[in-house]
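What follows is a short report on a single structure.
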Amino acid sequence: MLCAGLAGLSALAAALAVADALAVLVRPAASPVLVVGSLLVDLAPEPVKEFAIRTFGESDKAVLVAAIVALLVPVAFLLGVLAAGRPVRACAAAGGLGLVVAVLAVTRPAAQAADALPSLTGALTGAVLLALPGSRRDAAGPAAPRRRFLVTGLGVGVAAVLGDSALRWAVPGPGPAAPVPLPDHPARPLPPGTDLKLPGLTPFITPADRFYRVDTALAIPRVDPRSWRLRVHGVRTVELDMGELLRLGLIERDITLTCVSNEVGGPYAGNARWIGVPLATLLARAGIPPGTDQMLSRSHDGWTGGTPVAAILDGRDAMVAVAMNGVALPPAHGFPARLVVPGLYGFVAATKWVTDLRLTRYTDEQAYWTRRGWVTDAPVKTMSRIDLPAPFARLPAGPVPVAGVAWAQRRGIAAVEVRADGGPWHRVRLAAVPGADTWRQWTWTWQATPGTHRLEARATDAAGRTQTARRAAPFPSGADGWHSVVVTVT
Ligand SMILES: Nc1nc2c(c(=O)[nH]1)N[C@H]1C(S)=C(S)[C@@H](COP(=O)(O)O)O[C@H]1N2
Ligand SMILES: [Mo]
C-alpha cells in the first residue's frame, strides 16, 4: 500500500511538473496550482486575507501555493492506493480533477481557451502514470507495485527535468534592457541633505529590488511590450501602442507609494523616481464624459482599480509610468506600464501591467478591493515610522540616534516629534525633500538611560494636522496612530 501511495505521489509530481512547464509556454498563471490559488485569493473573506498578510507578509503567496500542494499530497496518495486495485476509477478521478481546474482556468479574468491546456495535460500525465500497464497487483504479483513505483519515479524524473528545462528555455529573461526615453520634464535634482545615510535608516530612494510588492498575481504577468496596447475609453476610445504613448510627453517625478494594508510601522511603503505620461493628457485625448467620477483601470491579469477623476485632474503628477529609478519597470512592478498617483493608496491608483482605462461612475462599477469593502476615495494618511533603533534593540546608555521616515503625500511633512516613556515631545531634525509627494527622513539624538523604554513618534503634515494616538486598523481606509518601539538600555 505504501508503494502504491508513493506511486500516486510521483504521479502527482509528474502531473504538476508537466502542467507547470506547459503553463510557462501558455501563460504562467495557467499553472493549475496557481489557478486554484488565484481563485482562493479572490474568494477569501477580508479577515482571512488580513490575517494572511499580517502573518506571512510578502511570503503569503508562497505559503498559499505550499498549502495547496500539501492538500494535494494525501489526495494523490489515496489515488495511488486506489489505482492499485481499481485503475479505471483512479484515472477517472485524476481526469475529473484536471477537468475542474481546467474549467476554473478558462473562467479566470483575462483567461484564454489555451489556459485549459496545462491542467488537462497534467491530469492526463497523472492518469497515465496511475494506470501504467502491467503494474496491477492482481496481474503481476507482489513485486509489481514496487516496479510500478520505479517506473513512475523515472517518469517523474524525466518530466521534472523536461519541465524545468522548458521553463528555463521559455521564460523571457529581463530581455534587452529597453532604453528608457529621456523625460521631457526631468525631476529637479534632489536638494542636498535629502538622504541622511544613517545605517539602518530607510534610504530616500528605494532600489527596485527592495521596493515592497503587493498584488493578487500569483505568477508575475509577463507582458510583451510590442503587443501591449493601452485603451482609454472616454467620450471616444483611444488606443495607443508603446511608441505612441511615449510620444505624448514624459514627466519625471519622485513619488512615495504606500499600501493601504500597511500597519503602523509596517514595510509597505517605497519611494522611487518615476517617468511617465500624465494621466490628464490621456484623459483629455479620450474626452471626459460629463458626470463621470471614476477612472476604472484594468490590468493585463484582470485586476481593477478605481481612481477619483477629480484627483487625476487637480494638478498632481498622476501618470502612466514606464520607468522606475532610471530603468524600465521591473516585471514585478508592472512592466511595461503602471499607474502612479501621488497621495492615494496603491489599491485605487497604482494599477500594474495596466492595459485599459475607463471613465465611469462609482455607482455603475466597483474596482477589485472596493467590491470587498475598502473605501473608494483613499487619500494616504499622515504617518511616521521609527527605523532606528530597531524594536527590542539593546543599547548602551548615552546619546542614541533615533531616526525614521514620515510621509503625507500631497500635503508634505511639516514636523515630526519623538518622546520617550510618555514624556515631553521633542521636535526632530527633518531632512530635505524635493517636494510634498515623497517621504521625509528625520533624526533626533536621545540621551538614553539604563532601563526599558518606549519611544514614540508622531508627524504633523503641512496642512497642520498632527497624528493622534487613536489607532486605526488598515481596513477600510488605512492604518493610523503613533508608531512606537520598545528598547532596553544597559
Ligand atoms: N495588477 C495589479 N496592480 C496592482 C495591484 C494588484 O493586485 N494587481 N495591487 C495594488 C496595490 S494594493 C498596491 S499597494 C500597489 C503596490 O505596488 P508595488 O507592488 O509596485 O509596490 O500596486 C497596486 N497595483
Ligand atoms: Mo495596497
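Counting starts at 1 for both ligands and their atoms, in listed order. Computation of the quantities below employed the complete heavy-atom set of this structure, encompassing side-chain atoms and omitting hydrogens, waters and symmetry-equivalent molecules.
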Considering the heavy atoms of Phe347, write down every atom of ligand 1 situated less than 4.0 Å from one of them. 11 (C), 12 (S)
Does Gly346, backbone or side chain, put an N or O under 3.5 Å from an N or O of ligand 1? no
Could you tell me whether Leu257 approaches ligand 1 through its side chain, its backbone, both or neither, with non-hydrogen atoms closer than 4.0 Å? side chain
Within ligand 1, which atoms have a heavy atom of Cys259 less than 4.0 Å away? 14 (S)
For atom 21 (O) of ligand 1, what's the nearest protein heavy-atom neighbour? Residue, atom name and distance, please. Tyr212 O, 2.6 Å
Give me the nearest non-hydrogen protein atom to atom 9 (N) of ligand 1 as residue plus atom name, then the distance to 0.1 Å. Val214 O, 3.2 Å
Do ligand 1 and Thr216 have nitrogen or oxygen atoms that lie under 3.5 Å from each other? yes
Does the ring of Tyr368 carry Arg372 above it, NZ/CZ under 6.0 angstrom from centre and within 45° of its axis? yes
Decide whether the shortest distance between a heavy atom of Arg338 and an atom of ligand 1 is less than 4.0 Å. yes
Could you list the atoms of ligand 1 found under 4.0 angstrom from a heavy atom of Asp301? 1 (N)
For the residue pair Arg454 and Ser484, confirm or rule out a side-chain donor-acceptor distance under 3.5 Å. yes
Using a 3.5 Å cut-off on N or O atoms only, is Trp303 in polar contact with ligand 1? yes
Given 3.5 Å as the limit, does a donor-acceptor pair link the side chain of Arg298 with the main chain of Leu357, or not? no
Of all protein heavy atoms, the one nearest atom 24 (N) of ligand 1 is Ala350 O, 3.0 Å
Distance-only donor-acceptor check, side chains Thr258 and Lys381, under 3.5 Å: no
In terms of side-chain geometry, is the basic nitrogen of Asp115 or Arg27 positioned less than 4.0 Å from the acidic oxygen of its partner? yes
Is the charged tip of Arg458 near the ring of Trp425: under 6.0 Å from the six-membered ring centre and within 45° of its axis? yes
Answer with yes or no whether the side chains of Asp387 and Thr202 bring together a donor and an acceptor at under 3.5 Å. yes
Determine, for Asp480 against Arg471, whether the closest basic-nitrogen to carboxylate-oxygen distance falls under 4.0 angstrom. no
Where's the contact between Tyr268 and ligand 1, heavy-atom distance under 4.0 Å: side chain, backbone, both or neither? neither
Derivation and outcome, salt bridge (Lys or Arg N to Asp or Glu O under 4.0 Å), residues Arg361 and Asp293: CA-CA 5 Å; Arg361 288 170 224 249; Asp293 54 5; over 6 Å; no
Do Gln409 and Thr256 meet the criterion of a side-chain donor-acceptor pair at a distance under 3.5 Å? no
Quick check: Ser299 and ligand 1, any N/O pair under 3.5 Å apart? yes
Is there any N or O on Phe211 that sits under 3.5 Å from an N or O of ligand 1? no
The option among Glu58, Lys352, Arg298 carrying the non-hydrogen atom nearest to atom 19 (O) of ligand 1 is Lys352
Enumerate the atoms of ligand 1 whose separation from the nearest heavy atom of Thr351 is less than 4.0 angstrom. 3 (N), 24 (N)
